[in-house]
Number of protein chains: 2
Amino acid sequence: MAVPSSPSLEIFSPPASPLFLREDEVRRGVELLFFGYTRLTRSVDELLVEHGFGRAHHRALYFIARQPDLPVSALLKILSITKQSLGRVLNDLAAKALVETRAGEVDRRQKLLRLTESGAAFEALLFEALRTGLSAAYAAAGQESVTGFWRVLEGLIPEDERQMVMALQGRGR
Amino acid sequence: MAVPSSPSLEIFSPPASPLFLREDEVRRGVELLFFGYTRLTRSVDELLVEHGFGRAHHRALYFIARQPDLPVSALLKILSITKQSLGRVLNDLAAKALVETRAGEVDRRQKLLRLTESGAAFEALLFEALRTGLSAAYAAAGQESVTGFWRVLEGLIPEDERQMVMALQGRGR
DNA sequence: GAAGATGGGACAGCCATATTGACGTATCTT
DNA sequence: AAGATACGTCAATATGGCTGTCCCATCTTC
């Protein structure tokens, strides 16, 4: 049973089923996700503007750092944006020598993306901002909570995309 | 890499300090937050385009629904955007009669925002998409996990803003 | 009651990031 | 040789942020 029964709140009538939770619990999750996510990325955003980039550039950098030699098509799937949108971002990053490409060996049509040395350094700088924020939240909440945090978020990802996300984390089915 | 371990045997060892977690744990959280958040809002986005609105309209509708008779200044703080950006959105919503304003009684300069009947209906429709996604994730993860999920997210919100968020949820302070 | 602060609105223009559709080229597959 | 695939590019468009400036109505303070 996924619903807590706190007698004092019974005024708001309990849900008919665990699949149809009380509105307040859902609103709480929505709001915490919204504020938590935006606050975590806020420090990164500041670093990005200082360097003349936007969030889109960070997302590309992040996933290229995560999976070196990623083909463009894989990055497109991860980001769920169009080729054109990604193209602009990759051109910016290549122009500033943060990302470089090499032709695939098995399939020479592919361009495999990886960070240059300065690209890796910049990504590491941005990552430190994320680490600072998340580490503090993890530490304050405790390991048990962190596991729950992961579990709920996994449940938000549709079946057919979950495998791709887990693969990033070396947990490919 | 910025991992605190020294020799090669420490790859699978626990972090040196709970305040400086292993990179993989942080990356996992970042990725789950990114994918979880975007997937949760995806169904809402679809409804919005069908009706000719964007995410910004939803955010305004959501928080007006949450706190009827909210003054404009309070909504500005919640959303952390400029008056001009919010103005456009509120004009759109007012033009389609989803939001209405009345002058404040204590301070007549204020305009208190609330949803019209059709505005409330539309917000409820959008909320159902959120409820469907989050309820499923909550139910799959279990109540223990949900508590942890909340706890970690709370920790991502800086001290000075946490109160505002909790106040939305009737948990002031 | 006048001066200043505050809540809200509006105009103009800019930027980042996303979209669609069409088309081109190199390379792989059949 | 034909077709599919991986990638790139041009052009046009929309959204949702931003800054700067100016304005009005109302509240507060002296």
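Naming convention: chains lettered A, B, ... in sequence-line order (proteins, then strands); numbering from 1 in each chain.
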### Task
Keeping the roles fixed (side chain from B:Thr41, backbone from B:Val44), state whether a donor-acceptor pair exists under 3.5 Å.
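No, the answer is negative, given that no donor and acceptor are paired below the 3.5 Å cut-off.
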
#### Entry: Side chain B:Ser145, main chain A:Val152, donor-acceptor under 3.5 Å
no

### Message
Test of understanding: with side chain to side chain contact (heavy atoms under 4.5 Å, CB included), list the residues that count as partners of B:Arg108, not counting sequence neighbours.
### Response
none

### Query
Would you say a side-chain N or O of B:Ser73 is under 4.0 Å from OP1 or OP2 of C:dG8?
yes

### Message
For a quick test of reading the model: is some side-chain N or O of B:Lys111 closer than 4.0 Å to OP1 or OP2 of C:dG7?
### Response
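For B:Lys111, the contact criterion (side-chain N or O under 4.0 Å from OP1 or OP2 of C:dG7) is not met.
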
Taking only N/O atoms, report every protein-nucleotides 24-26 of chain D pair under 3.5 Å with atom names and distance.
| from | atom 1 | to | atom 2 | distance (Å) |
| --- | --- | --- | --- | --- |
| D:dT26 | O2 | B:Arg109 | NH1 | 3.4 |

Can you check the [X] [atom1] to [N] [atom2] distance for me, whole Å?
X	N	atom1	atom2	answer
A:Glu50	C:dA16	CD	C1'	18 Å
B:Leu113	C:dG7	CG	P	14 Å
A:His58	C:dA16	NE2	P	18 Å
A:Gln110	D:dA4	CD	C1'	14 Å
A:Asn91	C:dT17	CG	C1'	15 Å
A:Leu90	C:dT17	CG	C1'	14 Å
A:Arg102	D:dC7	CZ	C1'	18 Å
B:Leu75	C:dG8	CG	P	10 Å

### Message
Give the residues of residues 36-44 of chain A touching DNA chain D, defined as any heavy atom closer than 4.0 Å, sorted by residue number.
### Response
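Listed by number, there are none.
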
### Task
Return the 5'-most residue of the pair A:Gly104, B:Val72 with respect to DNA chain C, ranking by each residue's nearest nucleotide.
B:Val72

### Query
In terms of side-chain heavy atoms, does A:Tyr138 have a donor or acceptor partner in A:Gln143 at a distance below 3.5 Å?
no

### Message
I'd like to check the salt bridge (Lys or Arg N to Asp or Glu O under 4.0 Å) partners of B:Arg39; sequence neighbours left out, ordered by chain and number.
### Response
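Applying salt bridge (Lys or Arg N to Asp or Glu O under 4.0 Å) to B:Arg39 gives A:Glu161.
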
### Message
Please enumerate all residues that pass salt bridge (Lys or Arg N to Asp or Glu O under 4.0 Å) together with A:Arg109, with sequence neighbours excluded.
### Response
A:Asp107

Value rounded to 0.5 Å, distance of [atom1] in [X] from [atom2] in [Y]:
X	Y	atom1	atom2	result
B:Leu168	B:Gln67	CG	CD	4.5 Å
A:Ser135	B:Glu25	OG	CD	8.5 Å
B:Ser85	B:Leu90	OG	CG	11.0 Å

N/O to N/O distances under 3.5 Å, protein versus nucleotides 14-18 of chain D:
| from | atom 1 | to | atom 2 | distance (Å) |
| --- | --- | --- | --- | --- |
| D:dG16 | OP1 | B:Arg55 | N | 2.7 |
| D:dG16 | OP1 | B:Ala56 | N | 3.2 |
| D:dG17 | OP1 | B:Arg59 | NH2 | 2.1 |
| D:dG17 | N7 | B:Arg88 | NH2 | 2.4 |
| D:dG17 | O6 | B:Arg88 | NH1 | 3.2 |
| D:dC18 | OP2 | B:Thr82 | N | 2.6 |
| D:dC18 | OP2 | B:Thr82 | OG1 | 2.9 |
| D:dC18 | OP2 | B:Ser85 | OG | 3.2 |

### Query
Taking side chain as C-beta onward, heavy atoms only, is A:Gln110 less than 4.5 Å from A:Glu105?
no

### Message
Check this for me: B:Arg55, atom CZ, are more than 12 non-hydrogen atoms of other residues, nucleotides or ligands nearer than 6.0 Å?
### Response
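Counting neighbours around CZ of B:Arg55, 12 or fewer heavy atoms of other residues, nucleotides or ligands fall under 6.0 Å, so no.
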
#### Entry: Pair A:Phe53 and A:His58, ring centroids less than 6.0 Å apart
no

### Query
Which residue, B:Glu105 or A:Ala74, contacts DNA chain D at a nucleotide closer to its 5' end, judged by nearest heavy atom?
A:Ala74

